[in-house]
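Notes follow once the structure below has been shown.
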Amino acid sequence: MPELPEVETVRLGLADRVIGRIIIAEMHDTEKGFPNAPVDVKNFLLGATITGVRRRAKVLMIDLSTGYSLIVHLKMTGQLVFVSPDDRFGAGHPNDSLINTLPDKSTRVTLSFKDGAALYFNDQRKFGWMKLIPTAEIPSLSFMQKVGPEPLDASFTKEAFKERFTRRKKTSIKAALLDQSVVAGIGNIYADEALWGAKVHPTRKVETITEQEFTDLYNEVRAVMSLAIEKGGSSNHTYVNAEGKKGSYMDFARAFRREGLPCPRCGTIIEKIRVAGRGTHICPHCQVL
DNA sequence: CACTTGACCTGTCCGC
DNA sequence: TGCGGACAGGTCAAGT
């Protein structure tokens, strides 16, 4: 799914497009989709103006003028795509662009705006969700209580990074990196990329990671996340930004989904193994046990 | 408590 | 071309 850089890319795109727009209707085609409470939808979603779009870890928060917020998790295949009336079949937009074909069979929620624009929440695998809750209740959500620090926050130090792992001494470094309560926002792509960058084998137990390796991992996590945001995230199949367009980080990937190709550092063929139940890409020469 | 595994869904790709 | 199985960017609830 979208990891931190993909969710941040969506957030930036939405902030440009939906803030100030007024929601006049919502339609959804699955019960899992959202607004579980019809009364709240009627009173706090319809007619609301969007006032802000925030992100914490991989969760998006769309704040409304009514004091409620839409909370969204895209999980593996979720998308939030904004389409203005001018976009459809407009000049300069490729014919194969998603925006000309939405809604489609993966569309779970459609939010219609007063000016004719729409925001589509699509999710092929239906793992994602969208909820409507009072904005003031967000900080007390169990997710917000448990989630670790944002890796790109200026206040997030190398010392804090290392300290977060003390609770996961016996597990693999990859499983710990994927644990959202340790550090927020890392997923399968950027875990592999950061481990490759720091030359750390993903199955290494956390308690065996040296001071220098923690320093390298800290720097790599931040560098990889920053570069990915700059490139608009990674796209394999389903991920798109708020304009329905793909990101380009995969052009810069050094290990992820590069099995069978040479390691950019030493030329050894990248291998794919399984760690913590996830497909994992390593250079067997650079990342030794 | 720490840790691992399976389940949640749909679609696609790969080998027979 | 058809079919079964493995797998896909995430997170829970179970299990040990």
Side-chain angles (χ1 to χ4, degrees), chain A residues 1-11 29-34 55-60 71-80 98 104-108 121-131 141-148 164-196 202-208 221 224-225 227-229 231-241 246-260 272-281:
Chain A
M1 118 125 216
E3 304 178 29
L4 185 155
E6 289 73 31
V7 180
E8 178 63 10
T9 300
V10 171
R11 187 193 71 75
D29 66 352
T30 71
E31 58 190 55
K32 189 168 179 175
F34 108 106
R55 178 190 62 76
R56 179 73 170 94
K58 303 173 189 173
V59 173
L60 281 166
I71 313 296
V72 188
H73 199 308
L74 302 174
K75 290 287 180 82
M76 300 284 264
T77 54
Q79 307 172 328
L80 278 174
L98 250 187
D104 63 23
K105 63 184 295 188
S106 77
T107 301
R108 309 288 160 215
F121 172 42
N122 305 323
D123 187 12
Q124 185 176 91
R125 289 173 73 180
K126 302 181 182 175
F127 292 168
W129 44 259
M130 178 181 273
K131 295 172 187 171
L141 292 174
S142 66
F143 158 77
M144 294 294 280
Q145 300 284 318
K146 288 182 299 191
V147 71
R164 302 295 301 176
F165 288 87
T166 54
R167 69 180 78 184
R168 304 294 307 267
K169 290 188 198 317
K170 299 290 182 188
T171 195
S172 66
I173 185 65
K174 174 151 182 180
L177 283 168
L178 293 173
D179 183 342
Q180 301 299 293
S181 74
V182 173
V183 178
I186 303 172
N188 207 35
I189 299 174
Y190 304 111
D192 281 7
E193 290 290 286
L195 286 163
W196 179 91
T203 62
R204 291 266 306 282
K205 296 279 183 268
V206 170
E207 62 189 354
T208 72
V221 164
V224 156
M225 292 273 176
L227 176 63
I229 291 171
K231 300 301 175 189
S234 299
S235 293
N236 278 331
H237 179 51
T238 55
Y239 168 75
V240 294
N241 66 16
K246 294 176 178 297
S248 69
Y249 177 83
M250 286 304 290
D251 297 341
F252 301 85
R254 299 152 314 168
F256 191 77
R257 295 229 169 140
R258 286 181 45 84
E259 64 270 31
K272 185 171 180 183
I273 60 177
R274 203 141 187 96
V275 181
R278 314 295 302 275
T280 299
H281 311 76

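It should be emphasised that the depicted structure is a prediction, and the values quoted were computed from it without experimental measurement. In the text below, chain A, chain B and the rest are named by the order of the sequence lines, each starting its count at 1.
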Looking at [options], which one has an atom nearest to any side-chain atom of [X]?
X	options	result
A:K58	B:dC3, C:dG10, C:dA8	C:dG10
A:R257	C:dT11, C:dA8, C:dG10	C:dA8
A:R125	C:dT11, B:dC9, B:dG11	B:dC9

Measure the [atom1]-[atom2] distance between [X] and [Y] for me, rounded to the nearest 0.5 Å.
X	Y	atom1	atom2	value
A:L4	A:R56	CG	CZ	9.5 Å
A:F121	A:M130	CZ	CE	5.5 Å
A:F256	A:E193	CZ	CD	8.0 Å

Taking atom [atom2] of [N] as reference, at what distance in whole Å does atom [atom1] of [X] sit?
X	N	atom1	atom2	result
A:M144	C:dT11	CE	P	14 Å
A:Y239	C:dG10	OH	P	13 Å
A:N122	B:dC9	CG	C1'	15 Å
A:D123	B:dG11	CG	P	11 Å
A:K174	C:dT11	NZ	C1'	15 Å
A:L178	B:dT5	CG	P	14 Å
A:Q79	B:dC9	CD	C1'	15 Å
A:N188	C:dT11	CG	C1'	13 Å

If only atom types and distance count, is the side chain of A:S181 paired as donor or acceptor with the main-chain N or O of A:D179 below 3.5 Å?
->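 Pair absent, no side-chain N/O of A:S181 close to backbone of A:D179.
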Is [X] touching bases, backbone alone, or none of the nucleic acid, heavy atoms closer than 4.0 Å?
X	answer
A:Y190	nothing
A:K205	nothing
A:G233	nothing
A:G277	nothing

Between A:S234 and A:K146, name the one whose nearest nucleotide on DNA chain C is closer to the 5' end.
->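 Counting from the 5' end, the first nearest nucleotide belongs to A:S234.
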Phosphate contact ([N] OP1 or OP2) by [X] side-chain N/O below 4.0 Å:
X	N	value
A:Q124	B:dC9	no
A:H73	C:dG10	no
A:K169	B:dC3	no
A:T77	C:dA8	no
A:R274	C:dA8	yes
A:R168	B:dA2	no
A:K272	C:dA8	yes
A:K126	B:dT10	yes

What distance, rounded to whole Å, do you find between the two P atoms, one in C:dT11 and one in B:dG11?
->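 Here C:dT11 and B:dG11 have their P atoms 22 Å from each other.
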Is C:dA14 paired to anything, Watson-Crick or G-U wobble with both distances less than 3.5 Å, and if yes, which nucleotide?
->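 C:dA14 is paired, partner B:dT4.
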Any donor-acceptor pair under 3.5 Å joining the side chain of A:R167 to the base of B:dA2?
->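 No such pair is found, so the answer is no.
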Please work out whether the ring planes of A:Y190 and A:Y249 are parallel, tilted or perpendicular, with thresholds of 30° and 60°.
->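 Judged by the thresholds at 30° and 60°, the geometry between A:Y190 and A:Y249 is perpendicular.
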Check whether the aromatic ring of A:F127 stacks on the base of B:dC9, taking stacking as ring centres less than 5.5 Å apart and planes within 30° of each other.
->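 Base of B:dC9: not stacked against A:F127.
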With A:E8, which of A:M225, A:R55, A:E3, A:K58 fulfils side chain to side chain contact (heavy atoms under 4.5 Å, CB included)?
->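 With A:E8 as partner, A:M225, A:R55, A:E3, A:K58 yield a single side chain to side chain contact (heavy atoms under 4.5 Å, CB included), made by A:R55.
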Pairwise side-chain contact, A:T9 with A:K231, heavy-atom cut-off 4.5 Å (strictly under) =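 No - every pair of side-chain heavy atoms lies 4.5 Å or more apart.
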